[in-house]
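Heavy atoms only: backbone and side chains are in, while hydrogens, waters and symmetry mates are out.
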Amino acid sequence: MAIEAAEVATPRLSLADTDINWDRLDKTRFHVIGAILFTVQSALIHPTAVVKTRMQVAGSGFSQLNGLSVFRHIIRANGIPGIFRGFSTSAIGSLPGRVLALTSLEVSKDMTLKYTQGLNMPEATRIGIANGVAGMVSNLLSCAYFVPLDVVIQRLMVQGLPGTRSFKGPVDVVRKVRKAEGFRGMYRGFGLTAITQTPASALWWGAYGAAQHFIWRGLGYRDDLEKKPSHVEMVAVQATAGTLAGACSSLITTPIDTVKTRLQVIDDYGVGRPSVMKTAKALLKEDGWRGFYRGFGPRFLNMSIYGTTMIVTYELIKRLSVKQA
């Protein structure tokens with residue numbers, strides 16, 4: 001009786017519920033639930049982004065410290081609000097961008113799966129390609145929205161440090177940046193972000209899709225079998241695939257992220273306009289090649305936690321948004 005009760009208490013799902021396509025979703029519910037849950041998820045990892053960003057700024061005094069020391073310093077100097085600098089701007093400003101990113105992600109994945117159906121390739125490869133294309137398209141479209149938002153958020157995170165300005169709020173950041181550099185200043189690092197983060201996004205989503213497929217098959221699950229995973233198994237597999245994808249992404253993208261952060265937040269850059277090459281040369285001169293991995297610890301933690309919590313949250317949103325029969 002106890003075993004029967006336990007089985008009833010933990011319902012098992014079809015393997016199809018591990019990969020819910022766009023056509024099966026209630027779009028309004030998908031975006032509303034997504035806005036709520038992703039805001040909570042962002043709040044959990046925002047402190048690691050603040051620590052990472054401060055470590056990457058030249059002359060901040062934090063570049064030679066480890067992440068935990070920087071975290072403690074911020075808490076002592078500014079309290080809890082210090083590790084959440086820029087969060088309100090991020091949370092509110094990200095809402096329209098998430099609608100764009102999630103819609104383009106799901107639509108492009110669905111289209112790629114349909115176009116590749118029937119091709120002579122392993123299913124894991126087909127799923128990996130579809131997820132990779134979706135990640136690439138979603139990142140390209142959302143860059144146009146998120147890069148200016150990142151410029152504002154990161155400047156709020158590091159204001160007061162050497163080489164940076166102080167701001168009264170996000171509107172003041174926009175006003176001062178546009179006054180000093182024009183509209184172009186809001187898109188500092190856009191080319192670098194688009195060129196480098198797009199392949200990274202494709203890699204992340206491709207790795208996640210393929211890893212999840214391999215794990216399910218390795219555990220003996222098939223679409224045509226009666227064996228069905230429980231909620232716990234589903235979350236565990238998706239979290240593992242997300243963690244692996246996030247860890248790989250952080251290794252590849254940290255040097256680019258360091259250069260991009262410097263490019264977006266420094267105002268005292270000497271003669272001429274800032275550029276990727278100038279920033280990279282200055283970083284190399286200051287600390288050698290290891291300088292490109294400043295903030296790697298917090299970023300690795302951020303990307304790993306992000307990869308796990310984001311994908312578990314995302315898959316939960318999709319399960320909660322399935323159209324009712």
- Message: Quick one: does any side-chain atom of T313 pair with a main-chain N or O of F38 as donor and acceptor, under 3.5 Å?
- Response: no
- Item | Full working for side chain to side chain contact (heavy atoms under 4.5 Å, CB included) between L102 and Y314 | CA-CA 9 Å; L102 296 181; Y314 184 60; 3.5 Å; yes
- Query: Is the side chain of S201 donor-acceptor paired with the backbone N or O of G135 at a distance under 3.5 Å, no angle test?
  - Reply: yes
- Message: For E123, is there an ion pair with R217 - N to carboxylate O distance below 4.0 angstrom?
- Response: no
- Note on the structure: L284 meets the side chain to side chain contact (heavy atoms under 4.5 Å, CB included) criterion, sequence neighbours left out, with W289, F292
- Query: Ignoring hydrogens and geometry, is there a side-chain-to-backbone donor-acceptor pair from S94 to A91 under 3.5 Å?
  - Reply: no
- Query: Do any N or O atoms from the side chain of S230 and from the backbone of E233 form a donor-acceptor pair under 3.5 angstrom?
  - Reply: yes
- Partner set under side chain to side chain contact (heavy atoms under 4.5 Å, CB included) for S321, not counting sequence neighbours: L25, R29, F30, I33, I317
- Message: Given 3.5 Å as the limit, does a donor-acceptor pair link the side chain of S90 with the main chain of G86, or not?
- Response: no
- Query: Taking R126 for the side chain and L113 for the main chain, is one N or O donor matched with an acceptor at less than 3.5 Å?
  - Reply: yes
- Around atom NZ of K281, are there more than 12 heavy atoms of other residues, nucleotides or ligands at under 6.0 Å? no
- Using modelled atom types only, decide if a donor and an acceptor are shared between the side chain of H213 and the backbone of Y208 within a distance under 3.5 Å. no
- F146 reachable from I153 in the ILVMFWY side-chain graph, under 4.5 Å edges: yes
- State whether the side chain of R54 and the backbone N or O of M157 hold a donor-acceptor pair below 3.5 Å, judged by distance alone. yes
- Relative to the ring of F183, is the ring of Y187 parallel (under 30°), tilted (30 to 60°) or perpendicular (over 60°)? tilted
- Cation-pi between K318 and W22: NZ/CZ under 6.0 Å from ring centre and within 45° of the ring axis? no
- Item | Backbone N/O of G93 and side chain of Y145: donor-acceptor pair under 3.5 Å | yes
- Message: Just verifying a value: how many Å separate N21 CG and R24 CZ, rounded to the nearest 0.5 Å?
- Response: 7.5 Å
- Message: Keeping D110 on the side-chain end and E106 on the backbone end, is there a donor-acceptor pair under 3.5 Å?
- Response: no
- Query: Any luck finding a side-chain donor-acceptor pair between R98 and T103 under 3.5 Å?
  - Reply: no
- Message: Quick test of your reading of the model: are D23 and K114 salt-bridged, counting only N-O distances below 4.0 Å?
- Response: yes
